[in-house]
Amino acid sequence: LPFFFLALGNDNRESCGDFKGLGDAIHIIGVDPASHKATILNVPRDTQAPGGDKINAYYSLGGLGGIVAQLNQMVGIQIQYAVTTNFCQFQQMVDEIGGTDVNVKVPMHDTDSGSNFNPGVQHMTGYDALAFSRDRHSLLAGDIDRTGNQAVVILAALSKLRAQNTGDAG
């Protein structure tokens, strides 16, 4: 049977400790094991939730359970699993797999996020992947493009892990 899970990046920048923060990167991933297919629904963090606040606030208000409940209402599904990571942990995960390759579509130079990329395929460390994932000032559609970039990083990392698992990684 298909299932859904939430991959949530919270905005803790201070440490790898337990800090709830806000839901900064919100991705619902639907997986259909029978067809070996999956899809990602990227939810911009400033989206209005059924409870009245922006969706990103529900992580700090009620943890993973709080944001999952709001997303279930918004999308009309049942999210069975949820994981979260903060800035530090995200960087560590990307570095642990040896970085990942991402095709940067437009110039991205933003001091707020730390992004400094020209178009083309870039090998990204954890720091680079976080900067790419956080930049919304270099992008035409702001947070909409930002959530798409976050999904690009997720897919690039999954592709690399899959290749490593099958022995096809370079």
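All figures in this text were calculated on a predicted structure; none of them were measured in a lab. In this chain, residues are counted from 1 in sequence order.
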Handout entry: N42 to G148 - nearest heavy-atom pair and separation
Key = ND2-CA, 4.0 Å
Completion exercise
Checking T47, L6, L41, I77 against L71 for side-chain contact (heavy atoms from CB on, under 4.5 Å), the one that qualifies is L6
Exercise for the section: Each residue besides L161 in its hydrophobic cluster should be listed here, by chain and number; the cluster joins Ile, Leu, Val, Met, Phe, Trp and Tyr at side-chain heavy-atom distances under 4.5 Å. Expected result: I97
Problem - Q48 side-chain N/O to G52 backbone N/O, donor-acceptor pair under 3.5 Å - result: yes
Handout entry: Any donor-acceptor pair under 3.5 Å from H137 side chain to S113 backbone
Key = no
Practice task
Using atom types as modelled and distance alone, determine if a side-chain donor or acceptor of S159 lies under 3.5 Å from a backbone N or O of L155.
Solution key: no
Exercise for the section: Mark yes or no for whether N72, through its side chain, and I79, through its backbone, hold a donor-acceptor pair below 3.5 Å. Expected result: yes
Exercise for the section: Please name all residues satisfying ring pair (Phe, Tyr, Trp, His ring centres under 6.0 Å) with F3, sequence neighbours left out, ordered by chain then number. Expected result: Y81
Exercise for the section: For the residue pair R162 and L158, establish whether any side-chain heavy-atom pair is separated by less than 4.5 Å. Expected result: no
Exercise for the section: State plainly whether one hydrophobic cluster holds both L8 and I29, where clusters connect Ile, Leu, Val, Met, Phe, Trp and Tyr through side-chain heavy atoms under 4.5 angstrom apart. Expected result: no
Exercise for the section: Check whether V106 and F132 end up in the same hydrophobic cluster, where Ile, Leu, Val, Met, Phe, Trp and Tyr are linked by side-chain heavy atoms less than 4.5 Å apart. Expected result: yes
Handout entry: ILVMFWY network linking V68 to V75, side-chain heavy atoms under 4.5 angstrom
Key = yes
Problem - side-chain contact (heavy atoms from CB on, under 4.5 Å) partners for N118, two or more places apart - result: H109
Handout entry: Check: P107 and S138 side chains under 4.5 Å, non-hydrogen atoms
Key = no
Problem - Partner set under side-chain contact (heavy atoms from CB on, under 4.5 Å) for A49, not counting sequence neighbours - result: I55, Y58, Q70, M74
Problem - Side chain proximity check, T84 to L64, heavy atoms < 4.5 angstrom - result: yes
Exercise for the section: Taking R146 for its side chain and D135 for its backbone only, find out whether a donor-acceptor pair lies under 3.5 Å. Expected result: no
Practice task
Say whether, by atom type as modelled, one donor and one acceptor occur between the side chain of T85 and the main chain of F90 under 3.5 angstrom.
Solution key: yes
Problem - Residue pairs fulfilling salt bridge (charged side-chain N to carboxylate O under 4.0 Å, His left out) with at least one residue in residues 109-132, sequence neighbours excluded - result: none
Practice task
Spell out, as yes or no, whether a donor-acceptor pair under 3.5 Å connects the side chain of K160 to the backbone of G99.
Solution key: yes
Completion exercise
Residue pairs passing the salt bridge (charged side-chain N to carboxylate O under 4.0 Å, His left out) test with at least one member in residues 35-57, sequence neighbours excluded, are D24-R45, D46-K54
Exercise for the section: For Q80 and F4, indicate whether the former's side chain and the latter's backbone hold a donor-acceptor pair under 3.5 Å. Expected result: yes
Problem - Within-4.5 Å side-chain heavy-atom neighbours: V43 and H27 - result: no
